[in-house]
Structure formats: structure tokens, C-alpha cells
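Residue numbers count from 1 along this sequence. Predicted model, so just to flag it, every value in this text is computed and none were measured.
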Amino acid sequence: MESVRIDKWLWAARFYKTRSLARQVVQAGKVSVDGQRCKPSKTITVGQIVKAPRGHDIYEVEVLGLSENRLSAPLAQELYRETADSIARREKEAELRKMNALYNPHPDHKPDKKERRELIKFKNQ
């Protein structure tokens with residue numbers, strides 16, 4: 001196998017749970033191959049760099065293998081290798097998310113009816 005569609009590869013490499021979800025993400029322009037946005041029918045080959053969002057993070061991986069079939073997780077991880085820059089960026093962003101969570105208000109209890117009305121009144125001023 002010399003090349004495979006990007007949406008099939010993302011699904012086979014377990015970036016997305018379904019192939020239709022992988023197709024939607026590619027169509028939305030969130031996936032790039034070698035720095036260029038692509039369509040779901042774009043064929044990729046070994047050695048190309050793919051950037052794809054997964055949850056809160058954006059993974060930048062080098063394609064090491066091709067598959068049109070969904071594989072088990074250990075085998076799917078052998079299809080790609082994440083770049084060092086991507087790993088460092090993801091770790092930094094995760095740390096920032098954790099630190100930001102400390103500054104978000106965490107009330108001790110759920111607001112009652114009176115407090116909800118006051119919050120709505122305050123927001124609409």
C-alpha cells in the first residue's frame with residue numbers, strides 16, 4: 001500500500017472514533033498535511049507530517065505506516081510518531097489548563113432560587 005485517504009488513516013490510527021467524525025474534522029479545515037489544509041480524499045504517504053486536533057490538544061505526527069483498517073490501540077500507535085515540539089506544546093498547554101482551573105470559582109453549593117435570580121439580574125445589567 002503506497003497511499004491511503006487521510007480520513008481513513010485518522011480513523012485507523014485511532015485519532016477519531018468513527019470515520020465520519022474524521023471526515024467532518026478534515027472537511028472543517030482543522031487537519032493539515034505538510035502545512036496545507038486538505039480534503040478528506042487527500043492521499044497521504046509514509047513520511048508526511050499531519051496536524052490533527054484531538055480533544056483540547058493539537059497533535060503533530062509523522063506518518064510511519066499506512067492502514068485502511070482500524071487496528072488495535074498498540075498497533076495503531078505504530079502508524080505514527082509524535083514530534084518533540086508537539087509533545088512539549090501539549091504538556092505546556094495541559095499545565096496552563098490546570099493552573100487556570102485554580103482561578104475559576106468553585107461554589108460550595110448550588111445557588112438557590114433567590115441567588116439564581118440575583119445572578120441573572122447582575123448579568124443583564
Side-chain angles (χ1 to χ4, degrees):
M1 185 180 310
E2 293 180 12
S3 64
V4 66
R5 289 173 54 117
I6 184 73
D7 60 341
K8 281 187 179 183
W9 186 83
L10 289 169
W11 169 71
R14 293 187 171 257
F15 274 84
Y16 302 104
K17 199 168 190 169
T18 63
R19 185 169 161 214
S20 64
L21 184 60
R23 190 176 140 276
Q24 288 173 1
V25 173
V26 175
Q27 276 184 331
K30 297 180 180 177
V31 175
S32 64
V33 177
D34 291 333
Q36 299 284 324
R37 286 177 39 186
C38 59
K39 293 183 178 181
S41 60
K42 167 81 172 163
T43 57
I44 60 169
T45 57
V46 174
Q48 289 186 309
I49 301 294
V50 175
K51 267 188 165 180
R54 185 196 257 176
H56 291 289
D57 301 317
I58 297 177
Y59 285 75
E60 186 175 339
V61 296
E62 179 185 356
V63 178
L64 299 179
L66 301 174
S67 175
E68 287 189 346
N69 301 323
R70 192 164 170 95
L71 304 171
S72 65
L75 292 176
Q77 289 177 345
E78 294 175 3
L79 295 178
Y80 61 90
R81 177 179 52 231
E82 189 173 6
T83 62
D85 293 339
S86 176
I87 294 170
R89 186 177 349 101
R90 281 190 317 104
E91 289 173 352
K92 182 180 174 186
E93 289 173 358
E95 185 179 327
L96 290 174
R97 279 195 302 271
K98 286 180 185 176
M99 292 184 69
N100 192 25
L102 297 175
Y103 294 109
N104 290 338
H106 297 311
D108 295 333
H109 66 283
K110 189 174 174 180
D112 59 12
K113 190 172 186 176
K114 182 180 179 183
E115 291 172 338
R116 279 197 310 270
R117 286 182 178 167
E118 289 173 356
L119 283 170
I120 291 169
K121 192 187 294 184
F122 178 74
K123 287 180 181 179
N124 290 334
Q125 286 182 350

Is any side-chain heavy atom of [Y] closer than 4.5 Å to one of [X]?
| X | Y | answer |
| --- | --- | --- |
| Arg117 | Lys113 | yes |
| Pro53 | Val25 | yes |
| Lys42 | Gln36 | no |
| Thr83 | Lys51 | no |
| Leu10 | Ile6 | yes |
| Ile49 | Glu60 | yes |
| Val4 | Ser67 | no |

Near Arg37 CZ, under 6.0 Å, is it more than 12 heavy atoms from other residues, nucleotides or ligands?
no

Quick check on Arg81: does its CZ atom have over 12 non-hydrogen neighbours (other residues, nucleotides or ligands) under 6.0 Å away?
no

Does the pair Asp7 and Arg5 meet the rule for a salt bridge (charged side-chain N to carboxylate O under 4.0 Å, His left out), with working shown?
CA-CA 6 Å; Asp7 60 341; Arg5 289 173 54 117; 3.1 Å; yes

Are Trp11 and Phe15 grouped together when hydrophobic residues (ILVMFWY) are joined by side-chain heavy atoms under 4.5 angstrom apart?
no

Nearest-0.5 Å distance, [atom1] of residue [X] to [atom2] of residue [Y]:
| X | Y | atom1 | atom2 | result |
| --- | --- | --- | --- | --- |
| Glu62 | Glu82 | CD | CD | 12.0 Å |
| Arg116 | Lys110 | CZ | NZ | 7.0 Å |
| Gln27 | Cys38 | CD | SG | 10.5 Å |
| Arg70 | Thr18 | CZ | OG1 | 8.5 Å |
| Asp34 | Thr45 | CG | OG1 | 7.5 Å |
| Leu64 | Leu79 | CG | CG | 8.0 Å |

So does [Y] get a backbone contact from the side chain of [X], meaning a donor-acceptor N/O pair under 3.5 Å?
| X | Y | result |
| --- | --- | --- |
| Trp9 | Gly65 | yes |
| Glu95 | Lys92 | no |
| Arg14 | Leu71 | yes |

Closest approach of [X] and [Y], non-hydrogen atoms and distance?
| X | Y | answer |
| --- | --- | --- |
| Thr43 | Gln48 | O-OE1, 4.1 Å |
| Ala76 | Ala12 | CB-O, 3.7 Å |
| Arg89 | Ile58 | NH1-O, 3.5 Å |
| Gln125 | Lys121 | CG-O, 3.1 Å |

Centroid-to-centroid, Tyr59 to Tyr80, below 6.0 Å?
no

